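Here is the structure we will look at, set down as C-alpha cells.
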Amino acid sequence: MRARAADPGETPVRRTRTEDLRLQLADEIVRGVFAPGDPLDEAGLAARYGVSRTPVREALRQLAASGLVEIRPHRGAIVTRPSESRLMEMFIVMAELESLCAALAAEAMSLLERRELERVHRVLGELVKSGDPLRYAEANERFHGAIYAGAHNGYLAELTLATRARLAPFRRAQFRRVGRLADSFDEHDRIVESILRGDRDQATREMRSHIGTVKEAFDRYMEGR
C-alpha cells in the first residue's frame, strides 16, 4: 500500500503557548543550544521567547518529566539529559507498549478507524515529498494516536501516551536526519498493512521493529551533529 494524494485541508496541530515553548526548548536542548548544566532562568527564557513566566514555568515542569531538565528547590532549573542506559530503557518500554497497541488494533479497529489510519498515512506520504520534518512529526503523532485509539484499551492508551510524552523530544529529533522521513513512512506502511489484514502477530513485530529503528535513527542523528 503506497501513498496517494493527501487529503485536502490538512492543517498543522494547534498548540498552546506552553506546548510551543516546550517543543522549542526540548529541540534546542537536544540540539545542544543549551548544554547539560546550563541554568534555565525563568525571566531570561521569558524574555528570549517573548512570553510571560507562567508558560515558561509549566514548560520546564513538563520537560523535567522527559529528563531534559532538573528543577532544584530554591535554586531554579538546569539542563540535564537521561543517561544512555535510561534512554534505552524508555525506548524498550515504548516499543512493547506500542507493539501491544498495534496488536490489539489489528483485531479491534472499526472500519472508520481503519480508514482514518489510512488517511493519516496518506498525509505522511505527502509530507515525505515536501521534506518538512516539523509537520511530519505532528502527523506522525496523529498516526500513532490512531493506533492507540484503535486498540480500544483506555488504560493501555494512557500508559503509552505518558511514555511517548517523555520520549517526544528524542523521537522528534530523528526526523532531521537525511532520508529518515522516507524510511519512517516505509516502516509505517508495513504496520498499516499488517493492521488492515488483521494480522496481530505481524503488526506486533512491525511496530516493535519500527520503535527500535527510531532509537537507532536518533543515535545516528546525534552522532552526526
Side-chain angles (χ1 to χ4, degrees), residues 1-4 6 13 66 82 84-128 133 135-177 179-221:
M1 178 179 59
R2 302 304 300 173
R4 299 181 295 276
V13 176
S66 294
E84 177 57 30
S85 61
R86 178 65 170 176
L87 199 56
M88 177 59 75
E89 290 172 350
M90 293 165 70
F91 269 101
I92 288 171
V93 172
M94 185 84 260
E96 293 306 308
L97 290 172
E98 292 222 28
S99 62
L100 180 55
C101 286
L104 295 179
E107 296 180 334
M109 258 190 171
S110 69
L111 178 59
L112 287 177
E113 288 170 332
R114 289 167 187 257
R115 286 176 176 171
E116 173 61 11
L117 181 63
E118 289 181 287
R119 186 193 71 80
V120 178
H121 186 50
R122 289 195 299 268
V123 170
L124 284 164
E126 289 301 307
L127 291 173
V128 171
R135 289 196 64 192
Y136 188 94
E138 292 172 350
N140 182 64
E141 290 187 8
R142 290 195 292 271
F143 175 85
H144 285 270
I147 295 174
Y148 307 161
H152 292 273
N153 186 311
Y155 184 61
L156 175 61
E158 289 176 14
L159 291 176
T160 308
L161 285 166
T163 305
R164 183 183 181 86
R166 300 188 74 168
L167 281 171
F170 311 104
R171 293 180 71 150
R172 288 171 62 87
Q174 45 115 16
F175 290 130
R176 297 193 188 93
R177 185 171 172 269
R180 179 57 193 152
L181 299 190
D183 289 345
S184 172
F185 179 79
D186 288 342
E187 293 157 22
H188 286 177
D189 207 51
R190 294 190 289 272
I191 293 167
V192 173
E193 287 182 349
S194 300
I195 289 175
L196 295 183
R197 287 198 312 269
D199 190 336
R200 176 189 176 115
D201 292 341
Q202 188 64 26
T204 300
R205 288 191 291 270
E206 295 294 354
M207 182 63 85
R208 186 179 289 123
S209 174
H210 171 55
I211 301 302
T213 303
V214 169
K215 174 63 169 66
E216 293 171 4
F218 170 73
D219 290 341
R220 288 196 294 270
Y221 165 74

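Just so it is clear, the model here is predicted, and its values are computed rather than measured.
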Distance check, rounded to the nearest 0.5 Å: [X] atom [atom1] versus [Y] atom [atom2]?
X: F91; Y: T213; atom1: CZ; atom2: OG1; answer: 11.0 Å
X: I191; Y: D186; atom1: CD1; atom2: CG; answer: 11.0 Å
X: S99; Y: M207; atom1: OG; atom2: CE; answer: 8.0 Å
X: C101; Y: E96; atom1: SG; atom2: CD; answer: 11.5 Å
X: R176; Y: F218; atom1: CZ; atom2: CZ; answer: 10.0 Å
X: L104; Y: Y148; atom1: CG; atom2: OH; answer: 13.5 Å

Any donor and acceptor pair, going by atom type alone, linking the side chain of Y136 with main-chain N or O of F185 inside 3.5 Å? yes

Okay, side chain of T160, backbone of L156: is any donor-acceptor separation there less than 3.5 Å? yes

Polar contact flag, side-chain donor to acceptor under 3.5 angstrom, R177-Q174: no

Does some side-chain heavy atom of [Y] sit less than 4.5 Å from a side-chain heavy atom of [X]?
X: D199; Y: D201; result: yes
X: M109; Y: L196; result: no
X: M90; Y: M94; result: no
X: H210; Y: S184; result: yes

If you compare all heavy atoms of [X] against all heavy atoms of [Y], which two are closest, and at what distance to 0.1 Å?
X: A203; Y: I195; value: CB-CG1, 4.1 Å
X: G198; Y: R114; value: N-NH1, 4.4 Å
X: V123; Y: A139; value: CG1-CB, 4.4 Å
X: S194; Y: E206; value: OG-CG, 3.8 Å
X: L181; Y: L127; value: CD1-O, 4.1 Å
X: G150; Y: E113; value: CA-OE1, 4.0 Å

Describe, in one word, how the ring planes of F143 and H121 are oriented to each other, choosing from parallel (under 30°), tilted (30 to 60°) and perpendicular (over 60°). tilted

How are the rings of H144 and H188 set to each other: parallel, tilted or perpendicular (split at 30° and 60°)? perpendicular

Pair R180, E187 - check salt bridge (charged side-chain N to carboxylate O under 4.0 Å, His left out), show working. CA-CA 10 Å; R180 179 57 193 152; E187 293 157 22; 2.9 Å; yes

Salt-bridge test for [X] and [Y]: reply yes if a basic N is under 4.0 Å from a carboxylate O, no otherwise.
X: K215; Y: E84; value: yes
X: R164; Y: E98; value: yes
X: R119; Y: E116; value: yes

For the pair L87 and L167, evaluate side-chain contact (heavy atoms from CB on, under 4.5 Å) and give the outcome as yes or no after the intermediate values. CA-CA 8 Å; L87 199 56; L167 281 171; 3.8 Å; yes

Check whether more than 12 heavy atoms from other residues, nucleotides or ligands sit under 6.0 Å from atom CZ of R86, and answer yes or no. no

